[in-house]
Amino acid sequence: LGAGIVAHEMTHAAIFWLRRIAVDPGRLHDDQQAEERFSLVVGHLVSQFWQKYYEKLNCGTEIDRLIDQAKTRYQAIA
C-alpha cells in the first residue's frame, strides 16, 4: 500500500462527494478558490486514512516518536 494509491483513491472519494452535494467537478478548472478547497478536502481524507491505518497497526506512538525525533534533529541544524 503506497501513498500514491491512497491519494488516488481519496481523490475518487472527494469527486464522489462533490457530485453527491451537487457540485460539478469540472468547475474546479475555472475556479482557483474551489480548486484549493477541493485540494484541502483530499488532503484531509488522505491524512485521516493514514492516521487510522497506523492506529490499526498499533504503531501510532512509534510514529509520533519518530516525528518528534525528526523535528528535534531539524531544529538542531536550522
Side-chain angles (χ1 to χ4, degrees):
L1 186 64
I5 292 171
V6 172
H8 176 93
E9 295 305 328
M10 291 303 166
T11 301
H12 285 301
I15 290 170
F16 175 81
W17 170 74
L18 283 177
R19 290 181 178 137
R20 186 174 176 138
I21 63 170
V23 173
D24 177 16
R27 181 175 159 231
L28 297 175
H29 292 288
D30 301 327
D31 186 339
Q32 182 67 30
Q33 195 173 24
E35 182 181 321
E36 187 60 31
R37 286 192 305 262
F38 178 77
S39 298
L40 290 171
V41 167
V42 172
H44 183 70
L45 289 170
V46 171
S47 177
Q48 282 183 323
F49 171 86
W50 286 113
Q51 187 174 20
K52 296 295 182 185
Y53 178 82
Y54 286 120
E55 283 175 11
K56 294 290 183 190
L57 291 178
N58 288 324
C59 62
T61 55
E62 178 65 12
I63 296 296
D64 292 337
R65 187 187 67 74
L66 292 171
I67 290 170
D68 289 342
Q69 188 178 48
K71 285 179 184 176
T72 301
R73 286 183 185 160
Y74 175 78
Q75 289 170 349
I77 62 172

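Worth knowing before you read on, the calculation uses all heavy atoms, side chains too, and leaves out hydrogens, waters and symmetry mates. What you are looking at is a predicted structure, and each value in this text was computed from that prediction instead of being measured. The first residue in the sequence is number 1, and the count goes up from there.
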Item to check | Any residue meeting side chain to side chain contact (heavy atoms under 4.5 Å, CB included) with Gln48, in chain and number order, not counting sequence neighbours | outcome: His44, Leu45

Next on the checklist: Angle between ring planes, Tyr53 versus Trp50, binned at 30° and 60°: parallel, tilted or perpendicular?
Outcome noted: perpendicular

Item to check | Counterpart residues, side chain to side chain contact (heavy atoms under 4.5 Å, CB included), relative to Ala7 (two or more places apart) | outcome: Val46

Item to check | Hydrophobic cluster membership, Ile21 vs Ile15, 4.5 Å side-chain cutoff | outcome: yes

Next on the checklist: Quick check: is Leu40 connected to Met10 through a chain of hydrophobic side chains (ILVMFWY, heavy atoms under 4.5 Å apart)?
Outcome noted: no

Item to check | Residue pairs, two or more places apart or on separate chains, that pass side chain to side chain donor-acceptor pair (under 3.5 Å) and touch residues 4-26 | outcome: His8-His12

Checklist entry - Which residues pass the side chain to side chain contact (heavy atoms under 4.5 Å, CB included) test with Gln32, sequence neighbours left out? => result Glu35

